[in-house]
Amino acid sequence: IREAFGEIRQKAQPDDLVLVYISSHGVPRDLDPTGLSYVLTYDTDTTDSAKVFATALQMVELAELGRWVRSQRYVLLLDTCFSGAARPGVGGKIVPPGSDGFDPLQGLQGSGNRVVISASQATEKSYEDPENHHGYFTRFLLEALRQVGQPQTLSSVFEYLRTRVSAAVEQQNGRHQHPVMQHFGQGKDIVLNAPLA
């Protein structure tokens with residue numbers, strides 16, 4: 001996965017749109033001694049927190065990779081539990097309490113248009129849709145992107161996700177899941193799809 005990011009860094013040009021989508025398992029920050037949250041990969045060793053640190057992807061690392069690509073438009077979509085930890089603001093800071101206060105995402109502000117959309121808040125699970133065999137977030141993301149008509153900005157896609165994911169999870173099992181979006185520059189206005197000419 002890191003090598004793929006390395007290839008994106010080499011190939012992405014300023015006028016490109018870089019869209020990264022990850023669907024996996026997430027680990028909450030309260031299971032880590034310093035408050036980091038992780039995305040588990042197929043080869044993550046979950047024996048103890050030291051091995052998770054060495055073999056998983058830190059959520060903040062995924063968000064921070066956006067500052068190292070030349071593209072002026074970078075979108076990160078995370079369908080994992082606790083994925084709101086990949087952004088500052090609602091759900092708490094990315095850095096653990098007692099640190100030097102450095103916000104790992106602050107560099108994104110000067111890096112063009114950047115967006116992180118997470119399936120859930122930092123303290124919430126991201127639920128699977130039993131009928132579609134993937135997450136509710138992915139289900140409604142696909143629905144939003146398949147709509148025809150006007151070009152769809154990230155803000156309109158997020159609004160579609162925000163309302164439908166929360167309602168579907170509540171209706172299905174009475175639980176709570178709230179997608180979150182953090183954007184820098186004009187990120188919320190990035191167009192993800194448009195009718196073919």
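Numbering of residues begins at 1 and proceeds along the displayed sequence.
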Step through the shown structure and confirm whether more than 12 heavy atoms of other residues, nucleotides or ligands are within 6.0 Å of CD on E7.
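Buried by this count: over 12 neighbours within 6.0 Å.
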Partner residues of H183 under the side-chain contact (heavy atoms from CB on, under 4.5 Å) criterion, sequence neighbours left out:
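H183 satisfies side-chain contact (heavy atoms from CB on, under 4.5 Å) with V115, M181, K188 once adjacent residues are dropped.
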What are the two closest non-hydrogen atoms of M59 and C81, and how far apart are they?
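Closest heavy-atom pair between M59 and C81: CE-O, 3.4 Å.
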Which heavy atom of L161 sits nearest to which heavy atom of L141, and what is that distance?
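For L161 and L141, the tightest heavy-atom pair comes out as CD2-N, 3.3 Å.
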Got a donor-acceptor contact below 3.5 angstrom from the [X] side chain to the [Y] backbone?
X: S120; Y: F82; answer: yes
X: E124; Y: H178; answer: yes
X: R114; Y: G66; answer: yes
X: D129; Y: E131; answer: yes

Could you list the donor-acceptor pairs under 3.5 angstrom formed by side chains in residues 43-54, with sequence neighbours left out?
unit_1	atom_1	unit_2	atom_2	d
D43	OD1	T41	OG1	2.7
T44	OG1	T41	N	2.8
T44	OG1	T41	O	3.4
T44	OG1	T41	OG1	3.0
T44	OG1	T55	O	3.3
D45	OD1	T47	N	2.9
D45	OD1	T47	OG1	2.4
D48	OD1	A50	N	3.1
D48	OD1	K51	N	2.9

Would you call R2 and E61 a salt bridge, taking side-chain N to carboxylate O under 4.0 Å as the test?
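Looking at E61 together with R2, the answer is yes, because their closest N to O distance falls below 4.0 Å.
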Hydrophobic cluster identity match, L142 and V75, side-chain contacts under 4.5 Å:
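No, because L142 and V75 fall into different hydrophobic clusters, even though each may have its own neighbours under 4.5 Å.
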Side chains of [X] and [Y] in contact at under 4.5 Å (non-hydrogen atoms):
X: I190; Y: Y74; value: no
X: Q172; Y: Y136; value: yes
X: F137; Y: I117; value: yes

Mind checking the CG-CD1 spacing from L57 to I1? Nearest 0.5 Å is all I need.
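If I round to the nearest 0.5 Å, the distance is 5.0 Å.
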For residues 14-26, which side-chain donor-acceptor pairs fall under 3.5 Å, sequence neighbours excluded?
unit_1	atom_1	unit_2	atom_2	d
D16	OD2	Q13	N	2.7
Y21	OH	T138	OG1	2.6
S24	OG	L40	O	2.3

Mind checking what makes side-chain hydrogen bond (donor to acceptor under 3.5 Å, both in side chains) contact with R162, not counting sequence neighbours?
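Expected list: E159.
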Please name all residues satisfying side-chain hydrogen bond (donor to acceptor under 3.5 Å, both in side chains) with S126, sequence neighbours left out, ordered by chain then number.
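Partners of S126 by the side-chain hydrogen bond (donor to acceptor under 3.5 Å, both in side chains) criterion, ordered by chain and then number, come out as D79, Q177.
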What's the verdict on side chain to side chain contact (heavy atoms under 4.5 Å, CB included) for T163 and F140, showing C-alpha distance, side-chain angles and the deciding distance?
CA-CA 10 Å; T163 57; F140 291 113; over 6 Å; no
Going by the salt bridge (charged side-chain N to carboxylate O under 4.0 Å, His left out) test, which pairs reach into residues 164-176, not counting sequence neighbours?
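Residue pairs passing salt bridge (charged side-chain N to carboxylate O under 4.0 Å, His left out), neighbours aside: none found.
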Please determine whether side chain to side chain contact (heavy atoms under 4.5 Å, CB included) holds for the pair H176 and V169, giving the CA-CA distance in whole Å, both sets of side-chain angles, and the decisive distance to 0.1 Å.
CA-CA 6 Å; H176 302 287; V169 170; over 6 Å; no
